[in-house]
Amino acid sequence: MAEMKVGEVIRQPLPQAVNGTKSTPKQEFWRKFKKQKMALAAGFFVVILFILGIIGPFIAPFGAAEFDYDHILEGPSAAHWAGTDAYGRDIFSRILIGTRLSLFVSLLSVFLGSVGGTILGLISGYYGKWIDNLIMRFCDILFAFPGILLAIGIIAILGPGLGNVVIAISIFSVPIFARIVRSSTLQVKATVYVEATRSIGAKPRRIIWKHIFPGTLSSIIVNFTMRLGTAILTAASLSFLGLGAQPPSPEWGAMLSGGRDYLNNAPHVTFFPGLAIFLTVLAFNLFGDGLRDALDPKIKD
Amino acid sequence: MAEKILEIKNLQTHFTSDSGVVKAVDGVTITVNKGETVGVVGESGCGKSVTSLSVMRLLKDTPGKIVGGTIEFEGKNLEAISEKEMRLIRGNEIAMIFQEPMTSLNPVYKIGRQIAEAVQLHLKYDKRQAREHAINMLKLVGIPRAEEIVDEFPYQLSGGMRQRVMIAMAMACKPKLLIADEPTTALDVTIQAQILDLMRKLSKEGDTAIMLITHDLGVVAEMCDRVVVMYAGKVVEEADVFTIFENPKHPYTEGLLYSVPKLGQKVDRLDSIPGNVPTPSNMPEGCKFAPRCPKVMDICRQQDPDLLLIDKEHTCRCWLYQNSEVLEV
Amino acid sequence: MEAPLVEVKNLKKYFPKNKGLFGGKKFFVKAVDDVSFTIKKGETLGLVGESGCGKSTTGRMLMRLLDPTEGQILFEGNEISSLNDNQIRDIRKEFQMVFQDPYASLNPRMKVSDIIAEPLIVHGYPKEKREERVQHLLEVVGLNAYHADRFPHEFSGGQRQRIGIARALAVNPKLIVADEPVSALDVSIQSQILNLLKDLQEEFNLTYLFIAHDLSVVEHISDRVGVMYLGKIVELADKDNLYKEPLHPYTKALLSAVPVPNPRLKRERIILTGDIPSPSNPPSGCTFHTRCPFAMEECKKVVPQLKEISDRHFVSCHLY
């Protein structure tokens, strides 16, 4: 009946209508991220922090070791915004100059930790079996120590110093990243597109680096940001305990430690470095939270 | 003329999001008469599920909003009544079955309790009566060991069994209208046959009208008295089941019918509708089907046609039949 | 007679499952239990069955994405079921797969051109010819060259399935295993993809193993059809024979259960009672006897064998 008639008209070459341009992943990320005002502010703060880390020493009104025995333990004033310490050094300048140190220590240590953790996590998640067991039990052992205790232990072996602080923090960051990366590896490994890649004959190395690693990247970035805050805190704690940066280094933790004796009559000596640590850690955490909400494909609007 | 149970007139449900307004339902007119089964056919994104959610007023937790048209149930405007009144209708006079039985059953409650809940609420049964009623309903939908199954949890049942439980729940209060949204899509063919058989039986016995939402033309042919075809948020054709299958007017309906492989049909190639189902971000101007239509004319690309009454109880939204009498909406 | 392209002999796949919280007794889910078939060059073998019947597992074993528990797979006469991962990688270009879910089978972070080029890179296709090849493949599957720079999410389901098909075709395979390639697509798009698969088969002399649950789709595309139930092939015959004269009670029931888009047709329907039994604890004897309207005493005890009843029509049932 009508079948022939309709059939003939309908058999046409396919028109090439593509869906309207949808946003790219980057645009999508920005759209979600900018909705979170707190994270946006925190991100802004982090950016400023990094700029200060670079230009801090050049814009600081005083040097880090510029002694002025006429003005010791003075409170905040027009000349010294955050007051001076027991040697008459300008605290505001020292915080500015110390920004680079704190950021560098945390960036380097978390980076080393994340690289190690990511590799272990990918191997553990992709290959499974005994190697997975081995890596995860190693992580469990590291997890059994509270982070700071482990760091103190490592420093006790290696000796105090900022370089060893970096090593200590990166070591205890490894299992955290290893676990996170392992769990997202398992998720991505189970997707059909990884199976599809296996079916075309790709080698494990290609599957891991081209398909699985990019899939775990967002969780790595989020945790990287969050760990930065923790690393700054740990580095400061170690320096406070005298295990990290040594005076007269303008490291925030060391400054905190230096002001401890004057807590009663000159609280500003500890207050301002403490505030710097507090704001920085808070900013990294809020920023990390925002990143997670924007990067997680499961959170839609 | 048959008594109307549900009358949807020119319904418009729009969703607002960051990227603009999505007209998920944009001009849907459906009438369901007492005891009859009406099929609503369409592809993904045609708005058939949003239509049913609009009727049930279940759009609250979504960004969707009814912006135009009326929904009348037994002469009552469902948009005008309070939420409290709506609750008395929902699950009691209008019941709904969803596609995925697992997600629509609460995993932490026993089967019996989930059925009994509605019964206690609407039919004012006490606990013991409600439980008995639940067991009877389970027996009615053909679940073996009903006395044991009432005390089991949803995860202990297979997909077909769960869908039966859903039906038992929906039919427990003897609704006047059952909205079934792809009730058998997630099921295997032999189980689908059982469920369809059951629905047919129940609707005949209880004189329940069914609005059956599906994409499967075979299911429509077997179950329905009348068929509404939807495309891109609009009703494009409505007629009785024989007319739709034997004398379809809208080119989309025609294309849909000829593109489905049928058992025993010996053809080398299937006739297919070219192109893609339009997405909200890519909605064409004029008639929404124009870019894929084999009979497209100039006017189709400029102006959207109205839903016209082209024959007795046969409406079609297409410029090919524009000279017919206009359907009063 | 020409040697078949694929020969599957007594293929089995048992998945171990632990019962109870602390390991306890181990038992096996018999996903595929003694399946044998052959596929000739250029033909399409359809595998139908309901969920859990083992049709997808069979396809994945053929693709060597899963290791068979027992049995042999011969590809062009060569045993491939015992090859190790490195050996199998090289001959993978001979058989490729098209997946069910076009949304999940393409990496959302890769451009279409990179997705289609991946098999070319993996199998060492010369770098300078890659782009040209990708463009050609896009045209072959009915997409445009300018689609190459886009990401999968910019495409509709049907278009994505075309991308998946282009990827499968990239290295000129001989066999394509298509696992429910149209079941996730809209009705009006399904026929486009089915037509495309038929055209490609003609053009490139492809052999298909077509796995689906939709009997009408399988009838349309296949030359021969195997019906699976609980890990076993219960009937295997040429399409015309199977659909016109189904012999196995399960095939009959399955065919009668398919809703036909013709409201005037009122058929006598065989409605099976009960559910599909769990493959971890299949019924004894003939696994279908619990639902079979013709079950006899013998069916509960003796496992029927797949026998050739008439010309190339195999049935595994005690009635014959």
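Chain identifiers are assigned alphabetically (A, B, ...) following the order of the sequence lines, protein sequences preceding nucleic acid strands; residue numbering begins at 1 within each chain.
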Side-chain heavy-atom pair C:Met110, A:His211 within 4.5 angstrom cut-off: yes
Minimum side-chain heavy-atom gap C:Met97-A:Ile200 below 4.5 Å: no
Can you tell me which portion of [X] sits under 4.5 Å from chain A's heavy atoms? Options are side chain, backbone, both or neither.
X	result
C:Asn107	both
C:Ile88	neither
C:Leu106	backbone

Within a reach of under 6.0 Å around [atom1] of [X], are more than 12 heavy atoms found that belong to other residues, nucleotides or ligands?
X	atom1	result
A:Phe145	CZ	no
A:Phe111	CZ	no
A:Lys210	NZ	no
C:Gln87	CD	yes
A:Phe138	CZ	no
C:Glu79	CD	yes
A:Arg137	CZ	yes

Shortest non-hydrogen separation from A:Ala196 to C:Ser105 and the atoms involved: CB-O, 3.9 Å
CZ-OH distance between C:Arg109 and A:Tyr193, expressed to the nearest 0.5 angstrom: 4.5 Å
Distance in Å, A:Ser199 OG paired with C:Phe95 CZ, rounded so as to fall on 0.5 Å steps: 9.5 Å
Residue among A:Thr191, A:Val188, A:Thr197, A:Val192 with most heavy-atom pairs under 4.5 Å to chain C: A:Val192
N/O donor-acceptor pair under 3.5 Å between A:Arg198 side chain and C:Leu65 backbone: yes
Side-chain ion pair, C:Arg60 and A:Glu195, N-O less than 4.0 Å: yes
